[in-house]
There are 2 protein chains.
Amino acid sequence: MRKKEKITIHDIALEVGVTASTVSRALNNHPRISATTKKMVLDAAKAINYKPNRIAAALRHGKSKLIGIIVPTINRNFFSSIVRGIEEHANALDYKVMISQSYDDYKKEVATIEALLDARVDGIMVSLGKNTHNFDHFESVLQKGIPLVFFDRTTDKLNVNQVIINDYLSAYQATSHLIEQGYRHIAHFTSHMKIRIYQERLRGYEQALLDNGINFDPRLVVESNMQLDGGQMSTHRLLDNNLGFDAIFSASDYAIVGALQELKRINVKIPQEVGLVGFSNEPFTAFTEPTLSTVDQKAIDMGQSAAALFFEMVNADQRNKPKVKKVLDANLIVRASSKRLQ
Amino acid sequence: MRKKEKITIHDIALEVGVTASTVSRALNNHPRISATTKKMVLDAAKAINYKPNRIAAALRHGKSKLIGIIVPTINRNFFSSIVRGIEEHANALDYKVMISQSYDDYKKEVATIEALLDARVDGIMVSLGKNTHNFDHFESVLQKGIPLVFFDRTTDKLNVNQVIINDYLSAYQATSHLIEQGYRHIAHFTSHMKIRIYQERLRGYEQALLDNGINFDPRLVVESNMQLDGGQMSTHRLLDNNLGFDAIFSASDYAIVGALQELKRINVKIPQEVGLVGFSNEPFTAFTEPTLSTVDQKAIDMGQSAAALFFEMVNADQRNKPKVKKVLDANLIVRASSKRLQ
DNA sequence: CCAGCAAATGCAATCGATTGCGCTAATATA
DNA sequence: TATATTAGCGCAATCGATTGCATTTGCTGG
């Protein structure tokens, strides 16, 4: 079984009796090629099983039809769903997607940007790492005129297109929900205050308290890494300081599970004694006992929006176009952990 | 701020006063280039911030330095961790990774293979979709001589390199563990019997029963989609048929959570009355109440092994090399749901 | 002093597709 | 009928890096 020769447009040209130029134009549906020739070319292409070499095309017109995506970790339902949304939109337009993970490591994020530029991607979509507070590595992307879209973990220090959810409003609604359920001493689990989403969620939390005549007590706001153990530690801090909280609104589902575990360990009744609301709608929030209320971020929508924004940038004339910030609404999902009325 | 001209080896050549050929060879550390010239070229390259155009290189020597990965869904800790393992290994060798999801859809899997071939990837690594029982789409990959590695969800109908865990042994150990804990009527949740991993896990389950003098009762083996609802339905089937089971070994973590929920709903005590063991060590198994015993598949190891296998194929002379099947050992993680002794 | 050889580099083709420009022939316009 | 258009296609350069085959230079040995 000998190796099949690679078949190129020249083979089609030979077959049809025209030149490669004509074949190329025919394949690209160029208006200056007659319908009959086009048909012959298309038929011949199919007949000899021609596959265009995207690499050659990419070299010629500088488009790789590749989009680079960087997320902190793909290993989260939220991020993998966003990627899914992007992929769906991109594949429909004949683009492929390259995924990289920064693991919340600043250096890796920088290196990944480099790698994507090396790979000559046509655009980059990023959700920032937790430790990224310097944005120089994106400047070179912008300078090269490569479309750049941020989603979810974004920054305002850079003038770029971004897609986010209304973190402020979601937090406001989640907190209001707890208040409606009769909780009054609501704690808040959060993370690095340099990160926009945590700032916003805190802001929504505060405003909801304010609007309902509840005093904001900074001691009830606890920072951690937002992982399971972070949630556990934060819970202990609240307990140890004897702050008498009766609910927790956490900016992360992982942290709220940590709280749930610790509270159950000391026989605190959920939701009767303490109400819990998380953030992200990770699948496991439906698996816990009791099930956890949380905020669904409509990840797939976000991915599709981000992709849509990207393709707008690709098609439109980009010079001096003002950058847009697309804000999606999230969805509070009320489950057992915060429902104590009725 | 005008657009920076693209800088190529010709710019370096001009700078140094040699030709592009020499520059190319110098950059690639060709032995016929003098050390001094090499140094000058390297210095100049750095000075003018030269970035090689991988697309051009790819076109010339037919290597894209891209690896395509296809998984059913990235949205599972197991798969995303495998991808992480592959990525780590690949990036270290200056390869990039393109991830695609088949969503367990046969047609999408076929289309994705096409797309990856179109993108001229240098190799493909696949975990098969649940509904893939025809493998013609891989034949064209093999014919083109493109390295192909299967992992986890593999098939023996194709002569390819593969990386799997010892599903048989893991199931044997999990079942044996339940028996040691005093359970005697152990049910098994499984899925499509066309899929290797489920065959193997069933086999291990059976053999463990046999070796411990327990009768194998086919009515205790329940097939489902292995999702949460599948686990719930399977549990009801067991209950409705009044089969008097006292443990479940599930080939999926999702299904075992479904069982856990249903059993708790009717006040069955876990692990006192019924013991549970899942498979995959999804993160949420540590979040449930009680925590779930499960089998850890060492996903990152698997990814790295798969990548290692791939690079062996790339480097070695591939003709007629016998295909290898790399079998990794998994790890039984005993948590509360199956620990009733002591 | 010159053939002989090796080291170092240049020349030019090549990978496959794209595209500006030009050419031919057919059709339209005057 | 002569000129102006236009449709349809070919020529050849191009994208940037690579590489087989020269070519040049320098050195060794006879």
Side-chain angles (χ1 to χ4, degrees), chain A residues 3-42 44-45 48-66 94 117-122 144-145, chain B residues 3-42 44-45 48-66 94 117-122 144-145:
Chain A
K3 250 174 217 165
K4 246 189 241 161
E5 332 284 327
K6 335 227 168 192
I7 40 198
T8 73
I9 50 171
H10 293 94
D11 300 316
I12 304 181
L14 227 59
E15 195 79 10
V16 179
V18 293
T19 61
S21 323
T22 303
V23 173
S24 172
R25 284 190 256 254
L27 292 173
N28 291 302
N29 202 26
H30 188 106
R32 301 292 283 265
I33 300 295
S34 72
T36 46
T37 306
K38 279 183 191 167
K39 183 165 166 32
M40 292 178 64
V41 168
L42 260 352
I48 64 179
N49 193 31
Y50 165 76
K51 299 281 173 197
N53 185 328
R54 296 156 161 282
I55 301 213
L59 174 59
R60 183 60 226 261
H61 57 226
K63 301 272 157 223
S64 61
K65 293 259 187 178
L66 283 178
D94 200 25
L117 291 178
D118 274 9
R120 295 304 206 263
V121 294
D122 289 346
K144 288 193 212 300
Chain B
K3 249 174 217 165
K4 246 190 238 160
E5 333 281 328
K6 334 226 168 194
I7 41 198
T8 73
I9 51 172
H10 294 93
D11 300 316
I12 303 181
L14 227 59
E15 195 80 10
V16 179
V18 292
T19 61
S21 325
T22 304
V23 173
S24 172
R25 284 189 256 254
L27 292 173
N28 291 301
N29 202 25
H30 188 106
R32 302 289 284 264
I33 300 296
S34 72
T36 45
T37 306
K38 279 182 190 167
K39 185 165 165 32
M40 292 176 64
V41 167
L42 262 350
I48 64 179
N49 191 32
Y50 165 77
K51 299 283 173 197
N53 185 328
R54 297 156 161 282
I55 301 213
L59 174 60
R60 183 62 226 262
H61 58 228
K63 300 272 156 223
S64 62
K65 294 259 187 177
L66 284 178
D94 201 26
L117 290 177
D118 273 8
R120 295 309 207 258
V121 295
D122 288 347
K144 288 193 212 297

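Below, chain A is the first sequence line, B the second, and so on; all start at residue 1. Quick caveat: nothing in here was measured; it's all calculated off a predicted structure. These numbers come from the heavy atoms of this one structure, side chains and all, not from hydrogens, waters or symmetry mates.
- Across all their heavy atoms, B/Tyr50 and B/Leu27 have their closest contact at CE2-CD1, 3.7 Å.
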How does each nucleotide of nucleotides 8-15 of chain D score, in 5' to 3' order, for protein heavy atoms under 4.0 Å: base (B), sugar-phosphate only (S), or none (-)?
-> BSBBBBBB

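- Comparing the local axis fitted to the first five base pairs of the helix from C/dC1-D/dG30 to C/dA30-D/dT1 with the one fitted to its last five gives a bend of 50°, rounded to 10°.
- Under the 4.5 Å side-chain criterion, counting only non-hydrogen atoms from C-beta, B/Glu15 is not in contact with B/Ile7.
- Between B/Ser24 and B/Asn28, the closest heavy-atom pair is O-ND2, 2.8 Å.
- The CG atom of B/Asn28 sits 7 Å away from the P atom of D/dT19 (whole-angstrom rounding).
- The two atoms that bring B/Val16 and B/Ala44 nearest to each other are CG2-CB, 3.6 Å, heavy atoms only.
- Of all the heavy atoms in A/Val41 and A/Val23, the pair that sits closest is CG1-CG1, 3.9 Å.
- Rounded to whole Å, atom P of D/dA17 lies 15 Å from atom CD1 of A/Ile55.
- The distance between atom CD1 of A/Ile9 and atom C1' of C/dT18, rounded to the nearest whole Å, is 8 Å.
- Straight-line distance from the CZ atom of B/Arg120 to the C1' atom of C/dA17: 11 Å, rounded to whole Å.
- Distance B/His10 NE2 to C/dA12 P: 13 Å, rounded to the nearest Å.
- Inter-residue side-chain proximity for B/Arg120 and B/Leu66 is flagged as unmet; no heavy-atom pair is nearer than 4.5 Å.
- Atom-to-atom, CZ of A/Arg54 to C1' of C/dT18 comes out at 15 Å; the value is rounded to the nearest Å.
- The heavy-atom pair separating B/Ala58 from B/Ser64 by the smallest distance is CB-CA, 4.0 Å.
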Can you check nucleotides 23-27 of chain D for protein contacts, nitrogen or oxygen pairs under 3.5 Å, and list what you find?
none

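- Between the side chain of A/Lys51 and the backbone N or O of A/Lys6 there is no donor-acceptor pair closer than 3.5 Å.
- Going from atom CG of B/Leu27 over to atom C1' of C/dT9 covers 15 Å, rounded to whole Å.
- With sequence neighbours excluded, the residues that form a salt bridge (charged side-chain N to carboxylate O under 4.0 Å, His left out) with A/Lys39 are A/Asp43.
- Among residues two or more places apart in sequence or in another chain, the salt bridge (charged side-chain N to carboxylate O under 4.0 Å, His left out) test is passed with B/Lys65 by none.
- Taking atom OH of B/Tyr50 as the reference point, atom P of D/dG16 lies 10 Å away to the nearest angstrom.
- By the side-chain hydrogen bond (donor to acceptor under 3.5 Å, both in side chains) test, B/Lys63 pairs with no residue at all, sequence neighbours left out.
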